[in-house]
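Chain letters run A, B, ... following the sequence lines, proteins first and then strands; every chain starts at 1. Worth saying up front: this structure is predicted, and the values here are computed from it rather than measured.
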Protein chains: 2
Amino acid sequence: MGGTGTGGGGAARRGASGPGGGPRASIRAVATLAGVSPSTVSRALNNPELVNAETRRRVLECAERLGYRPNRAAQSLVLGRTRNVGLIVPDIANPFFAPFIKGVEAYFRDTEYAVFLADTDEDTATEVRLAEAMVERVDGLILCAPRMTGARLRAVAARTAVVLANRTSGAAPSVLLDFRPGMEQAVAHVHALGHRRCAYLAGPANSWSNRQRRRFLGAACAERGIELVDLGPYEPRFTGGYRAADEVLAAGVTAVFAYNDLVALGVLSRLAARGVPVPGELSIVGFDDVPMASMTNPPLTSVAMPVNALSRAAAATVHAMLDPRAPKAPPLPPATELATRLLIRGTTGPA
Amino acid sequence: MGGTGTGGGGAARRGASGPGGGPRASIRAVATLAGVSPSTVSRALNNPELVNAETRRRVLECAERLGYRPNRAAQSLVLGRTRNVGLIVPDIANPFFAPFIKGVEAYFRDTEYAVFLADTDEDTATEVRLAEAMVERVDGLILCAPRMTGARLRAVAARTAVVLANRTSGAAPSVLLDFRPGMEQAVAHVHALGHRRCAYLAGPANSWSNRQRRRFLGAACAERGIELVDLGPYEPRFTGGYRAADEVLAAGVTAVFAYNDLVALGVLSRLAARGVPVPGELSIVGFDDVPMASMTNPPLTSVAMPVNALSRAAAATVHAMLDPRAPKAPPLPPATELATRLLIRGTTGPA
DNA sequence: ATGAAAGCGCTAACAA
DNA sequence: TTGTTAGCGCTTTCAT
C-alpha cells in the first residue's frame with residue numbers, strides 16, 4: 001500500500017473489555033490465537049460446513065477462551081442488515097397492546113432478531129419521530145395502529161420493511177381485526193334485550209380503530225332500527241370512562257357501547273360510585289376483553305379480539321419480508337383479517 | 001494500493017432506496033454532487049463550525065436533495081458507539097413500570113439516543129437472554145428490578161454502562177426507592193386505627209422489591225407491637241389479589257398490606273363480590289399508587305412512589321455515564337434514593 | 001480447506 | 001478551510 005498518513009478513525013469503546021479486562025477481542029485476535037486467518041474464523045462461525053472440523057473446533061475454542069463476540073456494527077455494515085426489528089405502539093400501558101407486544105416479543109425471542117419497542121403516547125408527532133429514528137436502526141418495522149398520514153407511511157415503507165397492524169394502506173401489508181362479527185353479535189344481543197336507544201362512547205377521533213368500530217356499530221344498529229347517540233370523544237383510558245359516565249346518564253340511553261374496555265370499566269366504576277345499578281339501569285358493552293374485564297363486579301360484557309393471533313401474524317409477516325426462508329409459505333397476503341366475537345357477561349341485561 | 005483481488009463484502013440492502021427509488025445515497029454521493037470531499041460533508045454535518053459557511057450551505061442542500069441519511073452501522077463502527085440505550089423491565093403491563101418506561105423514553109426523546117425496550121415477562125432466564133442481546137446493541141442499559149445473579153450482573157456491567165433501578169450491586173450505580181418512610185407512615189396509620197394483627201400479601205419471592213417491602217414492614221410492625229402474618233406469594237397482578245382475598249379472610253386479620261396496588265385491587269374486588277365491607281371488616285393498604293387506585297370504590301389507600309423522579313434519575317444517570325457533558329453535574333452517586341409516602345384514602349378505617 | 005485482499009460507509013489525524 | 005489517507009471489524013470474492 002502506498003501513502004504515508006497514519007490515518008485512523010476508531011475511538012475507545014466504553015465498557016468494551018474482554019474477560020481479562022483488556023480490550024475487547026476482535027476476530028483477528030481469535031485468528032491469531034488459533035493460527036488461522038480471520039476469514040477462517042468468520043467461516044467457522046457463520047458457515048461451519050466450509051471449514052475443516054478440527055480447525056473449526058480449535059477456532060471455536062479460542063473464540064470462547066477470548067470471550068469473543070462479533071461486533072454488530074461491523075456485521076451490519078458489511079451485511080447491510082441490523083437484525084433488529086422495530087415495534088411502535090400508541091401506549092404500552094393500554095391493556096390491549098400489552099399482549100400484542102408480548103406476542104411479538106415472544107415470536108422473535110427464538111430468532112436472530114431483537115425487537116426495539118417504542119411508545120408514542122398516542123401522539124402523532126411522536127409517532128413520526130420514533131418511526132424516523134427506528135427506520136435507521138432496524139430491518140423491519142411493525143406499526144401498530146399508526147396515526148401518521150399515508151404519505152408519511154409511504155416514506156417510511158420505502159426505507160424499511162413495514163407491516164401495519166389495525167390499519168390499511170397501499171404502502172405495506174397489514175394484519176387486521178375484523179370488527180364486523182363481534183359488533184353484529186353485540187348489537188344483536190343488545191337488541192334482543194330490548195334496547196332501542198344506545199350510545200357510542202367514542203375514542204380518539206383520529207384513530208383507525210375508533211372509526212372502524214363506529215362504522216360497523218352504526219351499520220348494525222341501523223339495520224336493526226336502534227337509535228345510536230354519539231358521545232365523546234373520550235381519552236381511551238379508565239379516566240375517560242369515568243368522565244363519560246355522567247354524560248351517558250344525561251343522554252337518556254339504556255345501553256352503551258364503549259370505545260374500549262378501559263372506558264367501559266371507567267363507566268362501570270363511576271356508575272357504582274353514583275349508585276346506578278348495572279345492568280338494571282344501564283347495560284354496558286366493552287371492547288378488547290382485557291383481563292380485568294372478567295374480574296369486575298358485575299363482569300363486563302365485551303367484544304374479544306384475537307390479539308395473540310394478530311401479534312403473531314404481524315411478527316410472522318415482517319419476518320417473512322426480512323428472511324424469505326422464514327416460516328409462512330403463502331405469498332404474503334396484503335391483509336390478514338382476524339374475527340372478533342362477543343363475550344356475554346354481567347353488564348348487559350333487559351332494557 | 002497494491003493487490004489485484006476484486007474483494008468485497010456488501011450485500012443488497014432491502015428497502016434501502018433514495019427518493020428516486022435508486023440506491024441509498026452515501027456520503028460520497030453527496031460529496032461528489034457538492035464538489036467537495038467526503039470529510040467535508042462529514043464535518044458539515046457533525047462539526048459545522050469547522051466548515052466554511054457557504055460550503056456548508058451547499059453541502060446541506062445537496063444532502064437534502066439526495067435524501068442523504070448517514071449509515072448508522074458505519075457510524076457505530078468507527079465511533080464505537082451505537083447511540084442506543086436499553087431498558088429492561090419485568091413487565092410492561094404492570095402499571096408501576098409503565099410510567100417508569102414512559103419517563104425514560106421521555107427523557108431520551110430529546111437526545112441523540114434511541115431506547116430499546118424489552119420485557120422479561122418476570123422470567124429470569126428471559127431477562128438474562130435479553131440482557132445479552134441488548135449489550136451488543138446499546139451503549140448503556142437500564143435494568144429495572146433485575147432478578148439476575150450478582151455475577152451475571154457484573155458480566156453485563158463489564159460490557160456496557162449499566163444503571164440499576166430498584167436493586168443494588170457493587171457492579172453498577174443504582175437508583176432506588178426508599179421504602180422506609182412510606183412503610184412507617186402506613187404502619188403508624190394502621191396502628192392508630194387500632195389494628196393489631198395484620199397480613200402481608202407477598203409478591204414474587206425472588207423480587208428485590210418484595211424483600212425490601214417485607215423487611216421495612218416487618219421492622220415497623222415489630223416496633224409498634226403489630227403481629228404480622230405472611231401470606232402468599234401471589235403473582236403481582238390483579239388475579240393474584242383475587243386469589244389472596246379468600247386466604248386473607250381465613251387468616252383472621254383486620255388489615256392487609258398488599259405487595260402492590262394490583263394485588264390490593266384484586267383483593268378489593270373479590271371482597272366486594274363476596275359482600276365483605278371495606279374498610280368495615282378489613283382495611284387494605286396498597287403499594288405504588290397506580291392511577292386506578294384513586295378511582296375504585298372506596299379509593300385505595302396506598303404508598304406512593306416517586307416513579308417519575310426515579311425514571312428520570314435512572315435515565316440521567318446512564319446518560320451521564322455515556323456522555324460526560326450530559327446534564328447532571330455531581331459526580332455520580334453510587335445510589336440515589338427517593339422517598340415514598342403514604343396516601344390515605346378510603347380502604348383503611350378503624351379496626 | 002484456507003488465505004489474501006478489498007471494501008461496506010463513515011470519521012479523524014495529518015498534511016497542505 | 002479543505003483534501004488525503006487510513007482504518008473501525010467484519011464478510012466475501014478470488015486465487016491457491
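Whole-Å rounding puts the A/Arg81 CZ to C/dC8 C1' distance at 15 Å. Atom P of nucleotide C/dA12 and atom CG of B/Leu77 are separated by 13 Å, given to the nearest angstrom. In this structure, A/Arg72 atom CZ and C/dG9 atom P are separated by 20 Å, rounded to whole Å. In this entry the distance linking CD1 of B/Ile27 with C1' of C/dC8 reads 14 Å, nearest Å. When the C1' atom of D/dT13 is taken as reference, atom CG of A/Leu79 falls 14 Å away, rounded to whole Å.
For B/Gln75, a side-chain nitrogen or oxygen approaches OP1 or OP2 of C/dT11 to under 4.0 Å.
A/Thr120 is linked by a side-chain hydrogen bond (donor to acceptor under 3.5 Å, both in side chains) to nothing, counting only residues two or more places apart in sequence or in another chain. In this structure, B/Phe100 has no ring-ring contact (aromatic ring centres under 6.0 Å, His included) partners at least two apart in sequence or on a different chain. When the side-chain hydrogen bond (donor to acceptor under 3.5 Å, both in side chains) test is applied to B/Ser37, the partners found at least two apart in sequence or on another chain are B/Ser39, B/Thr40. Annotation: salt bridge (Lys or Arg N to Asp or Glu O under 4.0 Å) contacts of A/Arg69 (sequence neighbours excluded): B/Glu136.
Contacts between residues 40-63 of chain B and DNA chain C, defined by a heavy-atom separation under 4.0 Å, are made by B/Ser42, B/Arg43, B/Asn46.
Mapping B/Gly35 and B/Ala74 onto DNA chain D via the closest heavy atom, the residue that lands nearer the 5' end is B/Gly35.
Residue contacts shown for B/Ser39 include a base, since a base heavy atom lies under 4.0 Å away.
Between B/Pro38 and B/Ala31, the shortest heavy-atom distance links the atoms N-CB, 3.6 Å.
Closest to the side chain of B/Asn71, out of C/dG3, C/dC10, D/dG3, is C/dC10. Comparing atom distances between the A/Ser37 side chain and each of D/dG7, D/dC10, C/dG3 picks out C/dG3 as nearest.
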With a 3.5 Å cut-off and sequence neighbours excluded, list the donor-acceptor pairs that the side chains of residues 126-134 of chain A form with protein atoms.
| unit_1 | atom_1 | unit_2 | atom_2 | d |
| --- | --- | --- | --- | --- |
| A/Thr126 | OG1 | A/Asp123 | OD2 | 2.7 |
| A/Glu127 | OE1 | A/Arg147 | N | 3.0 |
| A/Glu127 | OE2 | A/Arg147 | N | 2.8 |
| A/Glu127 | OE2 | A/Met148 | N | 2.9 |

